[in-house]
Amino acid sequence: MTANDPAAVDPAAVEQRLDALTFGSDGLLPAIVQDDVSGDVLMLAWMDREAARRTQSTGRVTYWSRSRQEYWRKGDTSGHRQYVRSVAMDCDGDTLLVRAIQIGAACHTGSRTCFDGRDLGAVVGDPE
């Protein structure tokens, strides 16, 4: 679904897509953000129904801050914005994958992604 698709912003269609989601007991679900160009996983954050609604209908990614107990639209204070390219749910409807154009750093530490330089050194499996 693209921004040029009338169903992308039709309130009834947005509500129907939101009804397909399964939010946790805290009213949240995880949203994995992937760079639409490189495919890099940029970050994971949390959305409630309203954040998911805003993300699907505005073209900018919005989250629910568990620590601040408020909505935050990526980039409003940092300038490191995220523009929605697509939103998909997983097979259980309890996780979102947001593909976005990332302007600037995705991580609050200033890193391009929240996973840069944080390898834990796991044993590498061999499929053979």
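In this text the structure is predicted, and so the values were computed from the model without any measurement.
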Original post:
Which atom pair, heavy atoms only, marks the closest approach of Thr62 to Ala51?
Top reply: O-CB, 3.5 Å
**OP:** Step by step, work out the side chain to side chain contact (heavy atoms under 4.5 Å, CB included) result for Val98 and Tyr63.
**Re:** CA-CA 11 Å; Val98 179; Tyr63 304 105; 5.7 Å; no
Original post:
Do you know which two heavy atoms are closest between Thr113 and Cys107, and how far apart they sit?
Top reply: O-CB, 3.7 Å
Original post:
With the 4.5 Å side-chain cut-off for hydrophobic clustering, are Val84 and Val41 part of the same group?
Top reply: no
Original post:
For Asp35 and Arg112, what are the C-alpha separation, side-chain angles and deciding distance, and is it a salt bridge (Lys or Arg N to Asp or Glu O under 4.0 Å)?
Top reply: CA-CA 10 Å; Asp35 186 287; Arg112 173 74 181 152; 2.5 Å; yes
Subject >> Minimum-distance pair of heavy atoms, taken over all atoms of Met43 and Ala106 >> reply: SD-O, 3.8 Å
**OP:** Report yes if some heavy atom in the side chain of Arg60 is under 4.5 Å from a heavy atom in the side chain of Lys74; otherwise report no.
**Re:** no
**OP:** Indicate the atoms forming the closest heavy-atom contact of Arg66 with Gln69, along with that distance.
**Re:** O-NE2, 2.8 Å
Original post:
In the hydrophobic clustering (ILVMFWY, side-chain contacts below 4.5 Å, transitive), which residues join Val124, or is it alone?
Top reply: none
Subject >> Co-members of the apolar cluster containing Leu120 [side chain, <4.5 Å] >> reply: none
Subject >> Qualifying residue for side chain to side chain donor-acceptor pair (under 3.5 Å) with Gln82, from Arg73, Gln102, Arg99 >> reply: Gln102
Subject >> Close side-chain approach of Arg17 to Gln56, heavy-atom, < 4.5 Å >> reply: yes
**OP:** Find out if a path of hydrophobic residues (ILVMFWY) with successive side-chain heavy-atom gaps under 4.5 Å connects Leu28 to Ile32.
**Re:** yes
**OP:** Sort and list the pairs that fulfil ring pair (Phe, Tyr, Trp, His ring centres under 6.0 Å) and have at least one residue in residues 83-125, not counting sequence neighbours.
**Re:** none
**OP:** Measure the shortest side-chain to side-chain distance between Leu96 and Leu21 over non-hydrogen atoms and say whether it is less than 4.5 angstrom.
**Re:** yes
Subject >> Side chains of Met47 and Val61 in contact at under 4.5 Å (non-hydrogen atoms) >> reply: yes
**OP:** Would you please name every residue forming a ring-ring contact (aromatic ring centres under 6.0 Å, His included) with Tyr71, sequence neighbours left out?
**Re:** Trp64
Original post:
In the single-linkage hydrophobic clustering (I, L, V, M, F, W, Y; side-chain heavy atoms under 4.5 Å), do Leu44 and Leu42 co-cluster?
Top reply: no
**OP:** Quick one: list whatever passes side-chain hydrogen bond (donor to acceptor under 3.5 Å, both in side chains) with Glu15, sequence neighbours left out.
**Re:** Arg49, Arg53
Subject >> Single-linkage hydrophobic cluster, 4.5 Å side-chain cutoff, Met89 and Leu18 together >> reply: yes
Subject >> Pairing residues for Trp46 by the ring-ring contact (aromatic ring centres under 6.0 Å, His included) criterion, not counting sequence neighbours >> reply: none
Original post:
Closest approach of Gly93 and Leu29, non-hydrogen atoms and distance?
Top reply: O-CD2, 4.1 Å
Original post:
Is there a path of hydrophobic side-chain contacts, each under 4.5 Å between heavy atoms of I, L, V, M, F, W or Y residues, that connects Leu97 with Phe23?
Top reply: no
